[in-house]
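Remarks on the structure that follows.
We number each residue from 1, following the sequence as shown.
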Amino acid sequence: METKQNNRLRTVLCMAMLMALAVAADFFLRIPGIGGFLTYEPKDAILTIGGFIFGPAAGILMALIVCFIEMVTVSTTGLIGLLMNFLASAVFVGVSTSFYIKKKTLQRAIIGLVAGSLSMTVIMLLWNYIVTPMYMGVPREAVLGMILPLLLPFNLLKASLNSAVVMALYKGVVTALRKSKLLPDDKSESKGEHKSKTIVIVSISAFLVVTLVLVVLIFAGIIKF
């Protein structure tokens with residue numbers, strides 16, 4: 001019983017440390033983008049490392065907390081910024097870690113990061129089509145014209161940079177946490193981790209379907225906002 005409590009405490013401490021690093025990255029490594037909403041910061045890479053260690057559900061929870069802190073501190077985009085930041089982080093972290101947590105190998109990490117990058121790019125293009133006209137006060141045709149020259153390369157570049165940071169830092173972070181006794185030796189996936197992974201995959205899939213339906217309805221002029 002005491003060992004389980006100690007493990008929980010160490011898990012909370014590790015997650016808190018990683019979230020603190022992600023917030024610090026938001027503060028000090030933020031690169032402002034066009035219109036105040038296309039910005040880059042390596043917080044998603046740090047959150048993905050947390051997801052690689054603790055599972056996709058934990059990674060998404062960390063993303064929600066960090067994005068909320070970002071909204072009330074450095075962000076100037078309010079609730080819309082919170083929504084877009086969380087969607088980008090949650091999809092990238094959730095998809096990437098769902099692949100890796102099944103079998104923790106270099107190949108699975110690469111596959112997961114590629115899948116996470118592509119998934120994040122698709123989701124953000126769709127949600128930029130939905131949200132950007134309201135945020136910037138431009139017609140949807142203008143947003144469509146921004147996809148190939150601006151939104152697509154930006155999201156692919158952002159995801160690629162975050163993937164590179166994950167690959168560069170993950171092993172060192174895990175080694176440091178284990179040497180500090182904050183992280184126990186790696187163990188096989190528990191039933192709880194498997195269940196949380198399944199929930200994350202189903203949730204992201206369902207969200208993608210809802211997003212596609214919403215975009216189609218807007219594009220067809222059935223829904224207008």
Side-chain angles (χ1 to χ4, degrees), residues 1-31 39-75 81-82 85-102 104-106 108-110 112-113 116-117 120 158-190 192-197 199-200:
M1 183 70 177
E2 186 176 351
T3 301
K4 288 184 178 181
Q5 290 178 343
N6 288 337
N7 285 340
R8 286 197 193 99
L9 179 59
R10 286 189 290 179
T11 296
V12 171
L13 287 173
C14 285
M15 290 175 63
M17 288 174 59
L18 291 170
M19 284 188 288
L21 287 174
V23 171
D26 243 346
F27 273 76
F28 302 112
L29 300 177
R30 169 178 286 252
I31 302 174
T39 62
Y40 173 75
E41 69 289 318
K43 75 172 187 296
D44 287 352
I46 299 169
L47 296 170
T48 302
I49 291 174
F52 274 8
I53 297 171
F54 301 112
I60 291 174
L61 175 61
M62 293 166 62
L64 178 60
I65 295 171
V66 170
C67 288
F68 180 78
I69 295 173
E70 178 182 357
M71 182 190 73
V72 299
T73 54
V74 296
S75 177
L82 171 64
N85 286 329
F86 176 65
L87 287 179
S89 297
V91 172
F92 182 77
V93 173
V95 173
S96 299
T97 56
S98 292
F99 276 85
Y100 180 72
I101 205 70
K102 183 177 181 180
K104 295 185 176 183
T105 63
L106 177 60
R108 297 290 298 187
I110 294 173
L113 290 169
S117 298
M120 188 207 80
K158 180 178 180 178
S160 299
L161 287 173
N162 284 327
S163 297
V165 174
V166 172
M167 296 300 294
L169 298 183
Y170 175 64
K171 187 174 181 180
V173 170
V174 171
T175 300
L177 289 174
R178 287 198 177 127
K179 285 184 177 180
S180 64
K181 305 299 183 181
L182 287 174
L183 188 66
D185 291 335
D186 192 25
K187 296 180 180 179
S188 60
E189 183 182 23
S190 67
E193 287 175 329
H194 177 72
K195 184 178 180 180
S196 70
K197 179 186 70 177
I199 292 173
V200 167

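- Among all heavy-atom pairs drawn from F92 and S117, the shortest one is CE1-OG, 3.5 Å.
- For residues 91-101, there are no salt bridge (charged side-chain N to carboxylate O under 4.0 Å, His left out) pairs, not counting sequence neighbours.
- Without hydrogens or angle criteria, S89 side chain to F86 main chain gives no donor-acceptor distance under 3.5 Å.
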Between K158 and E41, does a side-chain contact (heavy atoms from CB on, under 4.5 Å) hold up when you go through it step by step?
CA-CA 8 Å; K158 180 178 180 178; E41 69 289 318; 4.1 Å; yes

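- Here S180 contributes atom OG and M17 contributes atom CE; the two are 6.0 Å apart, rounded to the nearest 0.5 Å.
- Annotation: side chain of I101 is not in contact with side chain of T97 (no heavy-atom distance under 4.5 Å).
- From C14, atom SG reaches atom CE of M19 across 11.0 Å, with rounding to the nearest 0.5 Å.
- In terms of heavy-atom proximity, S98 sits nearest to G94 at OG-O, 2.6 Å.
- Among residue pairs with one or both ends in residues 49-62, none qualify as salt bridge (charged side-chain N to carboxylate O under 4.0 Å, His left out); sequence neighbours excluded.
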Could you pull out all donor-acceptor pairs under 3.5 Å where a side-chain atom in residues 165-175 meets a protein atom, sequence neighbours excluded?
from : atom 1 : to   : atom 2 : distance (Å)
Y170 : OH     : Y100 : OH     : 3.4
T175 : OG1    : K171 : O      : 2.8

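- For L29, the side chain to side chain contact (heavy atoms under 4.5 Å, CB included) test picks out A25, P42, with sequence neighbours left out.
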Going by atom type alone, with no hydrogens or angles, which donor-acceptor pairs under 3.5 Å involve a side-chain atom of residues 47-75 and a protein atom two or more places apart or on another chain?
from : atom 1 : to  : atom 2 : distance (Å)
T48  : OG1    : D44 : O      : 2.6
E70  : OE1    : K43 : NZ     : 3.3
E70  : OE2    : R30 : NH2    : 2.3
E70  : OE2    : N85 : ND2    : 3.3
T73  : OG1    : I69 : O      : 2.6
T73  : OG1    : E70 : O      : 3.4
S75  : OG     : T77 : N      : 3.2
S75  : OG     : T77 : OG1    : 2.9

